[in-house]
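All figures in this text were calculated on a predicted structure; none of them were measured in a lab.
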Amino acid sequence: MTTYFTKDHEWISVDGPMGTVGITDYAQEQLGDITFVELPGEGDSVSKGDSVSVVDSVKAASDVYTPVSGEVREANGALADEPELVNTKPESDGWLFKVLLSDASELEGLMDEAAYKAYVDSL
Amino acid sequence: MTEGAARVARLQPLRPTFAYGVPNLSDTESEIPEVSDMLPLDAWHRTHGARMVPFAGYAMPIQYEGIIAEHTWTRENAGLFDVSHMGQLEVSGEGAAEALEALMPGDFSALKSGRIRYTLLLDEHGGILDDLMVTNRGDAYYLVVNGATKWDDIGHLREFLPDEITLTHLDEYALLALQGPKAADALAKLGLTPAFPDMTELTDLGFMQAGPFMWGEVPLGVSRSGYTGEDGFEISVRAEDVVALADALCALDEVKPIGLGARDSLRLEAGLPLYGHDITEDTDPVSADLGFAISKRRREEGGFPAAERILGLLANGADTKRVGMTIEGRMAAREGAAIFAGNEQVGQVTSGGFAPSVGGPIAMGYVEVEYTAPGTKLQIEVRSKMLDATVTDMPFVPHRYFRKKKA
């Protein structure tokens, strides 16, 4: 399983053809207390860069862009009752959705963990 | 109503958006206001772990440990807010009350020494240039105006106050607000004494009363007022003394520093309008449901800007009214969201968000008057979804002001 990162502060953890997407610890820290997460529908066809989810914090609503194209296979239902999971466990239990990749080559433009860390440090 | 749309912001560049005048993330970097000046507690905030954002020309603390935790702390204990960005002004001279009355609809001639009134600075059309507090300090009227509007206010006052009236910008003073059910106990621990022997003790200060006090050798102007719906104080202090005062207050177990984010969620729950969002130059006092700011004598006599229009609105009603709404579910409706009754748009949200003490989203907005009765079911459009909303009496969370019983 390999995890990639975007400049928009999403992560995608890829296991075979399936990717799990969330926002990074840096992103949740910047957004503050998350109160609601709008998730994509299961079966939705999405294209890389589409806004497919919205994370609502106390004061702001922020788009989440899918890092890859494909079909949404699962949305994290636990977030309906516990949106704060995105704050407390952004890179594990606070995942947003799972997507079946239609083009694995889209991963090539993303950052690995070291590159993302360097990117965040530069902000 | 403001045009500001509650646009959904990109995660990047990841600056949280706040109704407090900080631009949305989707705005370009160049629209982020420049920080032109530093507040006296700037370093203090950073030492206390604040995240600083540009607001009203200053770097201001938006949050320390987190907005919900700070909000809840203030409702249960006491929160210390730095509001030094706000403008502190003094208006003095023979006829100062009448001069203010020509610009605002308050009855300042009848305002006793040591009493505070909420009032509105009006333009010639009856639009609201600012909302402010006016205190009769005995020898002068003390005004606290919004930070984002203070320079315009000063310009307006200089232009329209008669020459014999003196306007002083107290820019050597900081302003702190101590708010919450434990605020009075906390401030009492500092052992303030009245600045003059015959003046009110701190414990006798009721809501919307003010007086000069001494904290040891340090002079303080203390008002029992605030912007959270809780009991509390606003304390004017010389800039060189504000770090010591903030330290002394935060050394108390019941006091923590609170950022602008929680200040906004607290005032929203308290039903208090935010200038530049819920009230603007394009809103009048009657539509804004701030008719209480037009004193009885002024209603009878007029003599304030656009008095004829505003008194007409008071008598006949306005077309729209600022109301509160609770929203089903957890998705928040924010400034700019359209309000519908069935297929017809009947209003617009001017501020809204998740209300920690309510446990769900709430909003304030202007709605056509036939849809403003409490209990009216409306819909609010957010990201092409229709959220069910119900018009609700404000405040959303009961005020807990310290009102003295009349003797």
* Are A:Asp56 and B:Arg334 ion-paired here, with the side-chain N under 4.0 Å from a carboxylate O? -> yes

* Asked: Taking atom CD of B:Gln345 as the centre, does the number of heavy atoms from other residues, nucleotides or ligands within less than 6.0 Å exceed 12?
  -> yes

* **Name of the residue among A:Ile34, A:Asp33, A:Asn87 meeting side-chain contact (heavy atoms from CB on, under 4.5 Å) with B:Ile68** => A:Asp33

* Asked: Non-hydrogen atoms of chain A under 4.5 Å away: do they reach the side chain of B:Ala69, the backbone, both or neither?
  -> backbone

* Kindly give the heavy-atom pair with the smallest separation between A:Ala61 and B:Arg383, and that separation in Å. => CB-NH1, 3.5 Å

* To do: Please name all residues satisfying ring-ring contact (aromatic ring centres under 6.0 Å, His included) with B:Phe396, sequence neighbours left out, ordered by chain then number.
  => none

* Within a radius of less than 6.0 Å around NZ of A:Lys89, do more than 12 heavy atoms belonging to other residues, nucleotides or ligands occur? -> no

* Asked: Is it the side chain or the backbone of A:Glu29 that comes within 4.5 Å of chain B heavy atoms, both, or neither?
  -> both

* Sort by residue number and list every member of residues 71-85 of chain A having a non-hydrogen atom under 4.5 Å from chain B. => A:Ala80, A:Pro83

* **B:Arg330 vs A:Glu38, side-chain contact (heavy atoms from CB on, under 4.5 Å): CA-CA, chis, key distance, verdict** => CA-CA 10 Å; B:Arg330 290 188 66 100; A:Glu38 193 181 335; over 6 Å; no

